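Since the structure is predicted, the reported quantities are computational estimates derived from the model, not experimental observations. Note on naming: letters A, B, ... go to the chains in the order of the sequence lines (proteins, then strands), and numbering restarts at 1 for each one.
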Amino acid sequence: MKFEQNSNSPEESPDSFASFDLSKVRGSYYDMLGVLPTSTSLQVREAYFRLKATYTDSNQAIYSLMTGSDLAEKIKAIEEAFDVLRDVDSRSRYNENIGITERAGASRTDILIENISFPPVDEGMRKATRQAKDQKIRLVAGQIHRDSSLALRIRSIFESAETPSGSTLKAMREAAFVTFEDIEANTKVGQEKILLIENDDFVKMPPAVYIKGFLKSILSFYGIADSKAFIEGYTLRVESCHKKTK
Amino acid sequence: MKQLDPVHSIRNAFHREFWRHWCVALPNWIDLDVAMPLPTIIAVGGGKGGVGKSVISANLAGKMARNSKVLAVDLDIGGANLHTYFGIKTPKLTSSDLLLGSRVDFHDISVPSGIPNLDIVCAGQDFGLDRLNSRAAGLNQIWAGILEAKTKFGYDYVVLDLGAGTASHTIDFFLGAHVGIMSVLPEPTSIENAYSFLRALLWRMIHNVGARMGEESLAHSFAERIFNGEGHGGYSQALLKLKEESPRLVNGVLAGLSGRRLGFVANQIRGQSDIEIAQSMASISKDFFGFNTLSLGYLNYDDSAWKALRNRRLLIQDFPHCLFSRRLDEVLIRLQNAVRMS
Ligand SMILES: Nc1ncnc2c1ncn2[C@@H]1O[C@H](COP(=O)(O)OP(=O)(O)O)[C@@H](O)[C@H]1O
Ligand SMILES: [Mg+2]
């Protein structure tokens, strides 16, 4: 039954999200087709046919949603994405171009946030996005400092921490409503490192000296300057764990 | 000692995962304590009248009550008929009494449905909607009754049968659900109203998130821009483009979108070509609106529906093996997977 197959669309299996950098997928051809870099070519093909069947005038489910020209634009974008992803070679060239690499898992909620469609991008558009991203960096950082009630709230989360631990950073991130991607863009600390720190996953962490630097940038991103005690307490925990496991 | 995030203390994995993101789009005046165990809330809406919201609510609640304690709440204020599907008369006390400010408690107005483990809260027939404003004290009491259904009365599930239209209290109740079910018929009028409903949902969500973050006017201007012009090729794309202007607000809305699920049911299916509609609308709602959607399947047009109604018995009681009931089983399985209950 067609019906059964459909219920297994990619968004239903969250586990398959876990192994690549989601920020790279955003706005890509994968996004356009609603598939993932881990999707098989069969899944890509299926997604393409499903979208083609969805965005046509004869589909009654589209009624009242879009004008004829919006529809034509949409179909053009779908074709463009499929043209690249249908073929193994052009797909791997494309992956290289947009820099899709493996990385450690993200939490499901972040995945859900990132799991939202974007139009396809060409080189020019990507450049513009990169520039915009540079601008955003200042914006995001400025945002937290400007919004004094938010800054206070984040500060109070920081101060209420009894022991320096990753859960404090996680609570700060959630209160600030920033994503891993935002933090990475502002601090240059990789998303997987941020995740390790938030999870207190000491075993997988690089040596404590690096962690010191990461923590400093992350905390100053949140507008916390007097972070010395926290950082020292945290790195002590990292060191003692690393000693034990040696 | 490892310091625990309060959300960690929520026992149900589904609620734990969604809690923060679900909360952010609730009406601003609702202040929830993380520590309070919640029932799993399922709303049935769809924008149009007569699309099967009440039949689905009643029978789904009936099926869920086999394994869990369920409360069904009629929120079609002024057009109530959930009780009729159970074959019970409007009780003396209804949610109208709450809304009109009589001194009754939410618990006083729930009555046994005739099915074990399933109680219902009826709405009045004659309550003028115009007298209701979305912050009315009575409305507050209904919200509290729903949210406290687990802690105070032990209900595992609350099923909300919503009214037609896009009144702000209807939209808010839909946002209050962990899973919102959209019932649609395979006909243009129903589809058109479903999209109006989704637009109202996104519009309201942006405003609710904005209010919660103290950014009302920014949220309003974002919503205006998304719905008047910038979003013609898709609201989710227009929303993401605004991220540079206020990452915090846009992330908040994205969180709200991901913190609740939107499930489509195609009702009164008469042929093969109608079956696709739930899947198609689910993928459009994800792609175009950015909702966290899924297709819950379809329900056939079935004469048993009116036969059972004439007998004033629940469809699944009178005709447990009819096509409608069997398809509803499939819908329930998908729903259970979505909230990982059972
Ligand atoms: N799948 C179905 N097959 C046959 N009749 C149906 C079906 N679904 C709904 N109906 C009928 O349609 C009418 C409207 O349904 P109802 O659930 O009251 O709509 P709503 O609550 O959305 O206004 C009722 O008479 C109901 O019996
Ligand atoms: Mg009804």
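- The number of heavy atoms from other shown groups lying within 6.0 Å of CG (A:Asp57) does not exceed 12.
- Summarising the local packing, CG of B:Asn228 is surrounded by more than 12 heavy atoms from other residues, nucleotides or ligands at distances under 6.0 Å.
- Separation of atoms CD1 (A:Ile62) and CD1 (B:Ile284) is listed at 4.0 Å; rounding is to 0.5 Å.
- For the pair A:Gln60 and B:Asp274, the minimum side-chain heavy-atom distance is below 4.5 Å.
- Residues satisfying the ring pair (Phe, Tyr, Trp, His ring centres under 6.0 Å) criterion with B:Tyr195, sequence neighbours excluded, are absent altogether.
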> B:Asp287 and A:Lys74: side chain to side chain contact (heavy atoms under 4.5 Å, CB included), yes or no, with the steps?
Replying inline: CA-CA 11 Å; B:Asp287 189 56; A:Lys74 185 92 187 171; 2.5 Å; yes
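- Note that OH of A:Tyr55 and OG of B:Ser280 are 8.5 Å apart. Values are rounded to the nearest 0.5 Å.
- The shortest non-hydrogen separation linking A:Ala61 to B:Ile277 is CB-CG1, 4.0 Å.
- Side-chain contact between A:Leu65 and B:Arg199: present, with at least one pair of heavy atoms (C-beta onward) separated by less than 4.5 Å.
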Would you tabulate the side-chain donor-acceptor contacts of residues 180-189 of chain B under 3.5 Å, counting partners in other chains and residues two or more places apart, or write 'none'?
residue, atom, partner, partner atom, Å
B:Ser183, OG, B:Val51, O, 2.9

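- Only the side chain of B:Val24 comes within less than 4.5 Å of a heavy atom in chain A; its backbone stays farther off.
- Here the side chains of B:Glu276 and A:Asn59 are not in contact, with every heavy-atom distance at 4.5 Å or above.
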